[in-house]
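Proteins get letters first, then strands, A, B, ... in listed order; numbering begins at 1 in each. Values in this document were obtained by computation on a predicted structure and should not be read as measured data.
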Amino acid sequence: MSEAVVEIHDLHKSFGSLEVLKGIDFSVAPGEVVCLIGSSGSGKSTLLRCINLLEKPDKGVIRVFGEDILSIRNVDRYRANVGMCFQQFNLFKNMNVLKNCMIAQEKVLKRSSKEAEEKAMFFLKKVGMEAFANADPSRISGGQKQRVAIARALCMDPDLMLFDEPTSALDPEMVKEVLEVMKQLAVDGLTMIVVTHEMGFARQAADRVVFMDKGVIEEEGSPEEIFTNPKSARTREFLQHFIND
Amino acid sequence: MESSFLGQILDILKRYWPSLALGIQNTLIISLSGTLIGLCIGLIVGGIRAIRLDYTASPAAVFGKKVLDRLGKIYIDVFRGTPMMVQAVFLYYALLNVVHWNKLTAAIFVISVNTGAYMAEIIRSGIQAVDIGQTEASRSLGMSNIQTMMNVVLPQAVRNAFPAIGNEFIVNIKDSSVLMIISIADLMFQAKSIAGSTFQFTATYGITAAIYFILTSIASLILNSIERKMNASSTSFPQSDTDPSNMVLATENAGEEHYE
Ligand SMILES: Nc1ncnc2c1ncn2[C@@H]1O[C@H](COP(=O)(O)OP(=O)(O)O)[C@@H](O)[C@H]1O
Ligand SMILES: [Mg+2]
């Protein structure tokens, strides 16, 4: 039996009096690509942020590779193993593209700068950004920024990648270049949890689609099940908005 | 009258230029080192104050941070809330028997800790102006609080705050004049002794004002040019990358690679 990469039981999270996650049970198998969909405010980002401990859950259990992450001591070491890509890219503004991909390798994994640079160039090449290694982040397009952000995360050799609406801040013509990179990662067998509104991507690349609504998982299943034959009325209603995809 | 005032000025310059030169030198030494040491103090105090510990921090770190925050706040409030002239006499005499320091050291010490209090607030607000996403990205890559501060947040904060930091230098050139209270031979002190022996107060202090004005003007020209250079360097990078055709090409290549 292969152990789940992520196992979540009865996860609760409130901000003040606002309960955002109301008991989430959720797991991800090795190599699985899970797309989290749901309307804005349903708690998708909060769930992702709990998984890499940017938010502290109030109650529940999160096990990643069998380890209870809510009681681990070296959070930095844990986070280094879980890549995260943000809607706003968040490339370090005080470093060029290459340095963005090297800094954490050097500081966290203690790699030599030669080793870090080789790794960085390898992944920049993978996302088609090697020609921009010396570019300043302010001088590249949104799609290029997100590809660099993906390369930066991959440089840490993560066993799990989290994507929080990686294409939502992009102009339409740039969405594809980022999704193509992510599809390639899926093919490569990386375990990924992707919050997205790109239903086309979810349909093609996801092994499983999870629909979140108001802090609970309303329905989950294969893309086929969710998109062609949703059981829940809420899921159906939500997907109505994407009928044209 | 007109020509005799000019005559007085020329006379003073001719007779007293060595002591004016010494005064200028000391004023520049005090204000420049005060600004640099103050910046270092500000980076440490402001940096610590701006760190936001998340729940993953150890209880010891939380406690230590609380203590340091409290001390930092007291330091900033006291030094910003009292006149530097008073700080100078108080610290000079209070510590004289302990450290037996010379006046120049004392002057640099006072202006440094005074500037540090202002710098701490400049750095702190510079840090708070850095997008929280920068911190989250850094933490999500496994970098610690300190590593994030040193490598990601502080460099951006310093760059953003550069105009305010430079302004502290200009302020120090002027405000170091109050340090003559401890008889340090800065420009103001020299002016006072020249005026005391010539009894030509207007001419002497006119010269002194003009010199201060020239010093601050040169300093602000230099600071402006540094700022322009910094801004230019942040938006330029090697030729091959700025070539727009290159960008399009790379994007297309990336696409092609994955379509197949
Ligand atoms: N740090 C926070 N403080 C207070 N409220 C928050 C915070 N983060 C998120 N929320 C609230 O939690 C709810 C869910 O947010 P989020 O997880 O970002 O949803 P989604 O990603 O599905 O749009 C929203 O109502 C949002 O306003
Ligand atoms: Mg969100």
Side-chain angles (χ1 to χ4, degrees), chain A residues 49 52-56 72-73 75-97 100 103-105 107-109 126-136 138-141 143-144 147 149 152-153 155-156 162 174 176-177 179-181 183-184, chain B residues 53-58 61 129-160 230-260:
Chain A
R49 292 164 60 85
N52 81 348
L53 298 176
L54 284 176
E55 302 289 355
K56 179 188 169 56
I72 53 177
R73 299 182 65 94
V75 172
D76 296 329
R77 198 63 212 211
Y78 165 71
R79 285 198 184 116
N81 194 34
V82 178
M84 174 127 184
C85 287
F86 302 84
Q87 186 175 346
Q88 297 300 335
F89 332 120
N90 297 339
L91 292 184
F92 303 133
K93 291 177 187 163
N94 57 321
M95 301 171 204
N96 67 16
V97 163
N100 258 279
I103 183 83
Q105 294 189 65
K107 300 293 172 189
V108 182
L109 304 180
K126 189 169 175 72
V127 302
M129 286 300 292
E130 76 274 25
F132 295 84
N134 294 315
D136 189 281
S138 64
R139 297 296 294 265
I140 58 179
S141 74
Q144 294 174 327
R147 280 148 58 197
R152 176 174 72 176
C155 284
M156 305 299 285
L162 311 173
M174 292 169 187
K176 198 163 72 181
E177 68 191 53
L179 293 182
E180 292 300 335
V181 167
K183 278 180 203 165
Q184 187 56 46
Chain B
L53 293 180
D54 61 16
Y55 76 96
T56 60
S58 68
V130 174
D131 178 11
I132 183 76
Q134 297 281 305
T135 302
E136 291 193 341
S138 177
R139 299 307 303 275
S140 80
L141 288 163
M143 292 214 272
S144 69
N145 239 321
I146 303 279
Q147 287 171 333
T148 299
M149 191 51 93
M150 298 302 288
N151 296 287
V152 177
V153 179
L154 264 189
Q156 296 183 44
V158 169
R159 170 168 287 203
N160 295 344
M230 279 191 344
N231 289 340
S233 74
S234 80
T235 49
S236 73
F237 45 89
Q239 193 62 54
S240 65
D241 299 318
T242 38
D243 183 356
S245 63
N246 196 338
M247 286 194 192
V248 175
L249 233 158
T251 317
E252 281 171 354
N253 282 347
E256 272 167 25
E257 221 171 86
H258 298 300
Y259 286 141
E260 289 155 22

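Heavy atoms closer than 4.5 Å to chain A are found in both the backbone and the side chain of Ser138(B). The part of Met95(A) that comes within reach of chain B is its side chain, from C-beta onward, which places non-hydrogen atoms under 4.5 angstrom from that chain. Only the side chain of Gln147(B) has a heavy atom closer than 4.5 Å to any heavy atom of chain A. Only the side chain of Phe86(A) has a heavy atom closer than 4.5 Å to any heavy atom of chain B. Contact of Glu55(A) with chain B is made through the backbone alone, with heavy-atom distances under 4.5 Å.
Shown here are the side-chain contact (heavy atoms from CB on, under 4.5 Å) partners of Lys56(A), two or more places apart in sequence or in another chain: Tyr55(B).
Highest contact tally toward chain B, considering only Leu109(A), Ile72(A), Ile103(A), Leu162(A), is held by Ile103(A) [criterion: heavy-atom pairs under 4.5 Å].
One distance of note links CZ of Arg152(A) with OG of Ser140(B); it measures 6.5 Å at 0.5 Å rounding. To the nearest 0.5 angstrom, Glu136(B) atom CD is 7.5 Å from Asn90(A) atom CG. To the nearest 0.5 angstrom, Leu141(B) atom CG is 13.5 Å from Lys107(A) atom NZ.
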Considering only distance and modelled atom types, tabulate donor-acceptor pairs under 3.5 Å from the side chains of residues 76-84 of chain A, sequence neighbours left out.
unit_1	atom_1	unit_2	atom_2	d
Asp76(A)	OD1	Arg139(B)	NH2	3.3
Tyr78(A)	OH	Ile51(A)	O	2.6
Arg79(A)	NE	Asn52(A)	O	2.9
Arg79(A)	NH2	Leu53(A)	O	3.0
Asn81(A)	OD1	Asp159(A)	N	3.4
Asn81(A)	ND2	Asp159(A)	OD2	3.2

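A 4.5 Å side-chain heavy-atom check between Asp131(B) and Gln88(A) finds every atom pair outside the cut-off.
Across Asn94(A) and Gln156(B), no two heavy atoms sit closer than the pair OD1-NE2, 3.3 Å.
Summarising the local packing, CG of Leu53(B) is surrounded by more than 12 heavy atoms from other residues, nucleotides or ligands at distances under 6.0 Å.
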